[in-house]
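What you see below is based on every heavy atom in this structure, not just the backbone, and it leaves out hydrogens, waters and symmetry mates. In what follows, chains are A, B, ... by sequence order, proteins preceding strands, each numbered from 1.
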Number of protein chains: 2
Amino acid sequence: MARSEQRNGNHLPVTPPTLADVAERAGVSRQTVSNAVNNPDLLRPDTLERVRQTIAELGYSPNRAARNLRTRTSQLIGLRFAPAQEGTANAAMDRFVHSLVEASEVAGYHVLLFPGDDEDPVGGYDNLLRSTAVDAFVVTDTYLGNPQAAWLSQQRAPFVAFGRPWDDDEARHVWVDVDGAAGIALATQHLIDRGHTRIAWIGWRKDSPIGEDRRSGWLRTMHANGLSTTGLASRVEDVVHSGAEAAAVLLDESTPTAFVCASDTLAMGVLHTLWIRQLAPGRDIAVVGFDDSQVAQVFPVGLTSVRQPLEDVAVEVVKALRALLTHQPVEERGVLLEPTLAIRESS
Amino acid sequence: MARSEQRNGNHLPVTPPTLADVAERAGVSRQTVSNAVNNPDLLRPDTLERVRQTIAELGYSPNRAARNLRTRTSQLIGLRFAPAQEGTANAAMDRFVHSLVEASEVAGYHVLLFPGDDEDPVGGYDNLLRSTAVDAFVVTDTYLGNPQAAWLSQQRAPFVAFGRPWDDDEARHVWVDVDGAAGIALATQHLIDRGHTRIAWIGWRKDSPIGEDRRSGWLRTMHANGLSTTGLASRVEDVVHSGAEAAAVLLDESTPTAFVCASDTLAMGVLHTLWIRQLAPGRDIAVVGFDDSQVAQVFPVGLTSVRQPLEDVAVEVVKALRALLTHQPVEERGVLLEPTLAIRESS
DNA sequence: GACGCCACTTGGATCGATCAAGGGGGCGGG
DNA sequence: CCCGCCCCCTTGATCGATCCAAGTGGCGTC
C-alpha cells in the first residue's frame, strides 16, 4: 500500500508552543512570560496584556511535565478506587468521587485513580509516592485494621482521610468524617415527632465501630425522649436478606411501628418483609435507611434516608489537603460534618 | 513558641533517590541504570542483577515528571467525570470506571478524572491536551449532538469512545460499544422461552438512537417468533414515574404478561404498578430491565436485567488506546460486544 | 547630577530522566 | 602483531519550565 506512505500534510506531530515561542512572538523574555503566568503582579499592565494576548493566540499552556519536574509537584491527588463491591455503599462512594473531582479542580488539582488489590494494600500508594506521581492521597476506607493510614503516616506522605481513625488512638493524621450518630439521631427524632414510640434499630455487627456509632444515635435519642429500647435492637450482616429476617423477628416479638437502619441495604430488607406481609411502608410501618442511595430514591415507595453531605466532605478534604501541601499549620486534626435527612414516603 | 523552631530530625524533605544515585552506588553509569529499567536485554546478566539489587536497596522508582518531560508522554488517560445525575445509569458508569482503572493499570496507565461543565463541554479536554497532561482520552457520553468526539477528532487528539457515533456518519474515530439490541433480543427470547407471547416494550422517546436500537431487538425477536407487537409498545421519559404510568396503560389496554424495558429505571416503574395492583412480579407478570444496576440486585424481588460486559468494554478500550498511542495501524474502527442476561426472580 | 526604584532582560543552572552518539576492551581473522 | 568488530557500557546534550543573580534603561526625587 503506497497510500499508507503518504505524506501527512496535517498529520505532523504538531508540537505545542513553548514558553520560548510565546516570548519571542510577544517580544519579551521567557522570564516575563513565566511571570505573566505565575506572578502577573510583577508586570506592567500593558505588557501583561500583550503577553496574555500572545498566549491566547498561540494557545499556549505550560507543559505539565516540565513544570512538575521543576517545581516537584504534580497537582495530582491519588485516590484508590477499590473494586466495586456490589452493594449500596458504592453509590455513596461515587457521589463522593464526583464531589472530590470538582472540589479539586477549583484548587488546581486533578484526581488520579489507581486500583488496589487486597493482598498488597499499600503497593499502589508506594509506587505513586516513590515516583512522585502524586502530591497527596485521599484515603477513604479507614475500616478496622486498614494499614493504609498508618503506613502513609509512617512514610510521611501527605494525605487526608475520609473517615475517623476509629481504632487507632495514636493516629495523628488529618481526617474528615460525617457524624453518623447525629444522622441516626435525626432520623429517630423525626420518627418520634411523627408519633412513633416503638422504634426498632437494625444495625451491623458489634465489631463495626461505625455501626456502633450510628446505633448510639438511636439509643441516646430514644432515652432522651424517655422511650424504651429493650428488645428493639438487632445486629446483623449488611445484606438485604439479613435485614428482612431481622425485621420479621422484631415485628413478631416486639411489635415496633418504625425501623431505623444502619444502611439502605438493611432498609431494603425491611421493605421486603413489609411487602410480604402486605404492610404499607409509611402508612403501616415507617422505615428509615442510611446513605440516600439510588435505591432509596427510585424505590416505588421512596425511602427516607440519612444523607451524608459528601459535597461538603470533599470541600473539607481538599481544604485540608491544600493546608498540608502548603505547609500551613494544621488547625483542626479532624472535621466532623452533620448529615441531613432526606424524607420520603416511607416515614 | 521556641518549640516550633525545633530541628526536624526526621522531617527532612527526604528526596527520593535518583537514577544518578543508583548509578553511583552500583558503580555504573546513569544510562546503564536506565537500560536496566527500560531495556534489560542490553545488559550483561550479572550487571543487570547488581543494578536491580541496588534499585531495590534504595527503593528507587523513576521520577514520573522527568520521564514524562523527556518522552513526551504522561501515561495518563483522561476521563471526564460528569456531574452525577441521580439515576440508575450512574451505577453502570461506576462499574465502567472501575474496570477502566484496572485495565489501564495493566497497560501501564493511570486514569485522570476531570470535571466537565455543560456550558463549555470541551474546556476540560482542551486544557489537558494543550498542557500535555494526558496521553489520550476516553469519551463516554456520545449522545446526540455531543461535540466532544468531533472536537477531539479535529484536534487530532487520541481518544476512544465508549458508545457508537450514532448520529455522525463522518466519524472516523475508534469506538467500543455494547450491542443493546442483542441484549434486548436476548431478554425477549428468554421471556418467549418461558411461554410468554404478549410481551410489551417500554422504551425511551423516539429521538434516542440508543433507545430505538434496543427497541429493534424486541421488535425483531417478536417477529422472528411470529408474535404480534401491535399495541404493545410505549415510549416515555426515562423516569420511574413514567414507567409506572406506561405499565398501567399497557396492562389496561393490551393485557401483556411480560414487560421488557429500556432501563432499570423504567422497570422499577413497572414493578411499582404491579405492586399497587397486587400483582406478583415473576409469578403473575414478568419484568426485565436494562443495566443490571444495584437496584436490580437488591430489590426485594430480584429484577432480571440485561448486563453490559463493562469489564470487557474497558479492556477493549484500553487495547484500542494502546494501538492508537503506539501508532499501530487501526484494525477495527469499532468493536461491538454482546451483553448477557442476569436472570432473577422477576421473570 | 546622583540616587533609587521599577519593569523588565540576560544568561545560566537546574529538576531527573532519555536519546544519540561515542568509547574501550576482548576476541577472532589476516 | 595489527585491524576490525561486536558487545557493553559511558558521555554529553536535551526535553520545557522555573529559580536565581546580576544587569540595564528610563523616570522621578532630592
(request) Describe, in one word, how the ring planes of A:Phe96 and A:Phe162 are oriented to each other, choosing from parallel (under 30°), tilted (30 to 60°) and perpendicular (over 60°). (result) tilted

(request) Send over the distance from A:Leu19 CG to C:dT14 P, rounded to a whole Å. (result) 20 Å

(message) Any donor-acceptor pair under 3.5 Å linking the side-chain atoms of A:Ser29 with those of A:Gln31?
(response) no

(request) Determine whether more than 12 heavy atoms belonging to other residues, nucleotides or ligands lie under 6.0 Å from atom CD of A:Glu311. (result) yes

(request) Could you list by number each residue of residues 65-73 of chain A showing a heavy-atom separation from DNA chain D of less than 4.0 Å, or answer none if no residue does? (result) A:Ala66, A:Arg67, A:Leu69, A:Arg70, A:Thr71

(message) For A:Gly123, is there any backbone N or O sitting under 3.5 Å from a side-chain donor or acceptor partner on A:Asp120?
(response) yes

(request) Could you tell me whether B:Arg52 and B:Glu49 have a side-chain N and a carboxylate O separated by less than 4.0 Å? (result) no

(request) Measure up the B:Tyr125 and B:Phe114 rings against each other and bin them: parallel (under 30°), tilted (30 to 60°), perpendicular (over 60°). (result) perpendicular

(message) Which residues in residues 48-61 of chain B have a heavy atom closer than 4.0 Å to any atom of DNA chain C?
(response) B:Tyr60

(message) In whole Å, I'd like the distance from the CD atom of B:Gln31 to the C1' atom of C:dC19.
(response) 7 Å

(message) With heavy-atom distances below 4.5 Å as the criterion, would you say the side chains of B:His110 and B:Gln75 are in contact?
(response) no

(message) Distance check needed: C:dA7 P versus A:Asp46 CG, whole Å only.
(response) 10 Å

(request) Decide, yes or no, whether a salt bridge links A:Arg130 with A:Asp126 under the criterion of side-chain N to carboxylate O below 4.0 Å. (result) yes

(message) When you compare the side chains of A:Asp135 and A:Ser74, does any donor N or O come within less than 3.5 Å of an acceptor on the partner?
(response) yes

(request) Would you kindly say whether B:Arg67 and B:Asn38 are connected by a side-chain donor-acceptor distance under 3.5 Å? (result) yes

(request) For A:Ser34, report the nucleic acid contact type (base, sugar-phosphate, nothing); a contact means any heavy atom under 4.0 Å. (result) sugar-phosphate

(request) With a 4.0 angstrom cut-off to heavy atoms of chain A, pull out the first and last contacting nucleotide of DNA chain D, in 5'-to-3' order. (result) D:dG16 to D:dC20

(message) Using whole Å, what does the distance between atom C1' of nucleotide C:dC19 and atom CG of B:Asn38 come to?
(response) 12 Å

(request) Grab the CG-P distance between B:Asn35 and C:dC19 for me, whole Å please. (result) 9 Å

(request) Inspect the surroundings of CD in A:Gln155 and state if more than 12 heavy atoms from other residues, nucleotides or ligands are less than 6.0 Å away. (result) yes

